[in-house]
Amino acid sequence: MTKLIIILLSAVFINNYVLSRFLGICPFLGVSKKLDSAVGMSLAVIFVMMLATAATYPIQYYLLTPNGLGYLQTIVFILVIAALVQLVEIVLKKYIPSLHKSLGVYLPLITTNCAVLGVTILNITESYTFLEAMVNSLGSGLGFFLAMVMFSGVRSKIEGADIPESFKGLPVTLVAASITSLSFLGFGGVIENMFA
Amino acid sequence: MNKLQNLSKGLIKENPVLVLVLGTCPTLATSTSVSNALGMGAAATIVLICSNIVISALRKVIPDKVRIPCYIVLIAGFVTMVQMLVKAFAPALDKSLGIFLPLIVVNCIILGRAEMFANKNTVADSAVDAIGMGAGFTLALVLMATIREVFGNGTFLGFEIPVLVDTKISILTMAPGGFFVFGILIAAVNKFGKHKPKKKDFGCAGCPQAAVCGKAAGDCAGNEAEVSA
């Protein structure tokens, strides 16, 4: 149980996907301008990350590894994720239109998001058990959510600031991301010591 | 456009990282040291050249509706090959690039060039374009890695630099330093870059996901260059 909590908290704070592992930077910079779209995008990421892990983990251990096909991991995972996202979109559209309305537009964007493919591959390389892998995906998704929501707040402050011409747009956003990421460095070592 | 222009535009005028702002994740993550940057640049360039050539050769065969899945499968195939080669011949590089080697599959530069260039141009032009873009990616990575390694670690390609090694700014090699150096470099390009590329050349129009992206709460309109999946 302690191990699961450590995995969850480390994934959210210490190894934050966006701010310390540099996965999923594009949506982080692109969709964080407004709070509501940042929340929508992050919820979709959490959902797809867990779903993708639940789908790819058994494929790796029951299909690829026993048959010596481990080298097909990259191709199989990206295809499974792409197909899965399409399927989920169709199912949501038909049966839960309200959820589709709020998450739907973000789903296709996530297909080629490196955070989702990243979490499924990392779960295998870290040789987690199925439960640990699911917890890790949940934590990674929550970490993404936290970073997105925090950063959309930071960006709304930048909006009104007086910035030099050449720093307008992306450069100032990156510098702000740097400071946000600096604050996450403070979590290093905290989680391990909590349970030591 | 002649071949020379095709080759050189990727280097400076349309540099994929600093001007088009594609492939930010590997740029930030693997620019901690010059050797990593060279390895990542070479791996991505090889994948880009192979995928551009094959996609351009098959551009009349692949049906328009399923082109993106086709491209992804082709790219994933080449990435797997590169992954196996690196594992076999440069295990140290495989270890330090880690997750970012398989993640070349979802690198926007490769899918972006397939969509923007290879599916409309001849095989030879696409190959030249891929070499230029790959070199531009590598150049930007090495530039960033040089700044981060020289000032952050006091070394260059592992060799110690006398004065700087005593005054390391270690934060530069960590995550915040990555964002910071990247931000400063893009600001420098904005300041000194003479050629303002037309917005419609890249960003949303060129993004393979432009169709779905437009629906995403109008985020795209405001920062075209930033939304690149």
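So you know, we letter chains A, B, ... as the sequences are listed, proteins then strands, and number each from 1.
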Separation of [Y] [atom2] from [X] [atom1] (nearest 0.5 Å):
X	Y	atom1	atom2	value
Ile99(B)	Thr120(A)	CD1	OG1	7.0 Å
Leu185(A)	Met174(B)	CG	CE	5.5 Å
Leu103(B)	Phe22(A)	CG	CZ	14.0 Å
Thr173(A)	Phe182(B)	OG1	CZ	11.5 Å
Ser166(A)	Ile184(B)	OG	CD1	9.5 Å
Leu74(B)	Ile75(A)	CG	CD1	9.5 Å

Could you pull out the closest heavy-atom pair between [X] and [Y], with the gap in Å?
X	Y	value
Thr74(A)	Pro102(B)	CG2-O, 3.7 Å
Phe179(B)	Leu174(A)	CB-O, 3.5 Å
Lys168(A)	Asn190(B)	O-ND2, 4.3 Å

Is [X] in contact with chain B via its backbone, its side chain, both, or neither, using a 4.5 Å heavy-atom distance?
X	answer
Leu117(A)	both
Ala177(A)	both
Ile179(A)	neither

In terms of heavy-atom proximity below 4.5 Å to chain A, should Ile171(B) be classed as side chain, backbone, both, or neither? side chain
Heavy atoms of other groups near Phe78(B) CZ, more than 12 under 6.0 Å: yes
Do Leu79(A) and Val73(B) have side chains that approach each other closer than 4.5 Å (heavy atoms only, starting at C-beta)? yes
